[in-house]
2 protein chains.
Amino acid sequence: MARTTPSEPAAARLAALAALLADETRAAFCLALLDGRAWTAGELARGAGVAPSTASEHLGKLVAGGLLAEERQGRHRYLRLAGGRAAQLVEELAAYAAPGGAPPARSLRAASTAHALARGRTCYDHLAGRLGIRITEAMTTRGLLRQDTGFALTEDGLAWFGALGVPLDTASRRPLARGCLDWTERRPHLAGAAGAALCRHAMEAGWCERVGTGRAVRATPEGLRALTARLGIDPASIDGR
Amino acid sequence: MARTTPSEPAAARLAALAALLADETRAAFCLALLDGRAWTAGELARGAGVAPSTASEHLGKLVAGGLLAEERQGRHRYLRLAGGRAAQLVEELAAYAAPGGAPPARSLRAASTAHALARGRTCYDHLAGRLGIRITEAMTTRGLLRQDTGFALTEDGLAWFGALGVPLDTASRRPLARGCLDWTERRPHLAGAAGAALCRHAMEAGWCERVGTGRAVRATPEGLRALTARLGIDPASIDGR
DNA sequence: GGCACAGTTCGGCGTCCGCCGAAGAGTGCC
DNA sequence: GGCACTCTTCGGCGGACGCCGAACTGTGCC
């Protein structure tokens, strides 16, 4: 008997896309790039522990498949996620794949990086981890963000961004606010154009700074003061445990 | 040099999850189950054009991987997507994998089913296709749904559901409204608890009916009248082309 | 020009995995 | 009880794919 839709092309395309992430090395590349920054091919190869030649082939597939974008500068090949939708795809798959319980964290080094990531990190272009969740919570309780009927900024929320000096384009196709499931807190944090703008502002204003070379982010003392003043966030709820 | 996080388990889990969908036959199973109903193993095997033994192995993997749920009744094994999140995952991957241009539609039979699907279909538990998009559009222009600051019902929207006699639970963890990218219209339609409730009501009230055995759905004459009366939708914008 | 370095291409190796048919287990109908 | 049917398990086959090292290309620095 024939297939439900003859010579189904949708299944083949879905399988081809999923196959890009079905390899552990390629998956590691995409997870590393979830910090939203561009990495060189060599950095990715070292990070994943494979030979440069192997990485080169994998990166070629990921770019050809539309998941990654490349930028060549001199003898370097910089790679980043192809865009917000690609990042969202990887995020959601990673969140679904995350185990229900806490991650094991075998070594001391792994435990300390896991701790730093749980405290705060970037998730492509917005803030995640305890830091991102506390901000999202505070915005919700202050009536800047509504989560009960969906996930959207309120008029007060728009005004709050205005007062911060961060313009938001409501006419853009990209949704202003979107929930992104946090894989350490297991609750949604603010993503979308507003989440990206807030993260950019937090970095530029010195509210946060990167820790080490990875995705981990830490709120600075000024940042904690600003979050307390503007959102009523208790600094201990982010920094402490 | 070591991996960024030693013996990274996240990459392995992401790869394992993606591998479930990286096979064309398994992908076809998941797409078929996107209609939200339960199919038997044999039906899925015939639909995908593989031997029952092959299907059995694939289904075992999909269930073990947490993407599908099974229910055994007598000698039948009924399979459905494991839940809303699994459906959302498959939807988004399928939407990302969909080609930018229109699908080719080689045979006459394929063209006619593609046409029926484009007109209206279920997307797991809510309405999609032209029918779903027109409803979402109408709800937005009538102020029942806000898309400019995210994707959320308004107070008027809550009242509209109340008038319809469809209760919505705002206290649930599941978001009431969520945008789901429509792969034929390439715009978001209403998903989430409200989308599911509306779809259920439309089926029970006889506004829509299934066409054939697949995902395709058609608005009935009463349905078109109801949509015109309650949302001001022009019937020709759905049914005609 | 010459060297160091980033990245790519190629050949070969080993493994994994999807496919089938045949045989078996369990269920329902008569 | 016996038959028909659905699904599962197993063995074996073949292709696909990820890995590496070695050789090669191209860039930048001195």
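Numbers restart at 1 for each chain; the letters A, B, ... are given by sequence-line order, proteins then strands.
Distance CZ (B/R72) to C1' (C/dG28): 16 Å, rounded to an integer number of Å. Across the protein-nucleic acid pair, B/R26 atom CZ and C/dC19 atom P stand 8 Å apart, rounded to whole Å. Rounded to a whole Å, the NE2 atom of B/H76 is 8 Å from the C1' atom of D/dC5. Nucleotide C/dA6 holds its C1' atom 11 Å from the OH atom of A/Y78, rounded to whole Å. When rounded to the nearest whole Å, the span between CH2 of B/W39 and P of D/dT6 equals 16 Å. At whole-Å resolution of the value, CD in B/E71 and P in C/dT27 are 16 Å apart. One interatomic measurement links the two molecules: CD of A/E70 to P of C/dA6, which rounds to 18 Å at whole-angstrom precision. Between A/K61 atom NZ and C/dG7 atom P the separation is 19 Å, expressed in whole Å.
Side-chain contact check for B/R210 versus B/T122: some heavy-atom pair is nearer than 4.5 Å.
Phosphate proximity of D/dC19 to A/S53: absent, as no side-chain N or O sits under 4.0 Å from OP1 or OP2. When the side-chain nitrogen and oxygen atoms of A/T54 are compared with OP1 and OP2 of D/dC20, one or more of them lie within a distance under 4.0 Å. The side chain of A/R77 contributes no N or O atom lying less than 4.0 Å from OP1 or OP2 of D/dT25.
Scanning atom types as modelled, one donor and one acceptor separated by under 3.5 angstrom connect the side chain of A/E57 and the base of C/dC10. Within 3.5 Å, no donor on the side chain of A/S56 pairs with an acceptor on the base of C/dG7, nor the reverse. Counting distance only, with no hydrogens placed and no angle test, the side-chain atoms of B/R75 and the base atoms of D/dC7 include no donor-acceptor pair under 3.5 Å.
Distance check, rounded to the nearest 0.5 Å: NE2 of B/H201 to SG of B/C199 gives 11.5 Å.
The side chain of A/D23 has D/dG18 as its nearest neighbour among D/dG18, D/dC20, C/dC20.
For the pair A/R215 and A/W39, the cation-pi test (distance below 6.0 Å, angle within 45°) is failed.
Taking the six-membered ring where the residue is Trp, A/H189 and A/H126 present tilted rings, their angle falling between 30° and 60°.
Judged by distance alone, the side chains of A/R187 and A/T136 never bring a donor and an acceptor atom under 3.5 Å apart.
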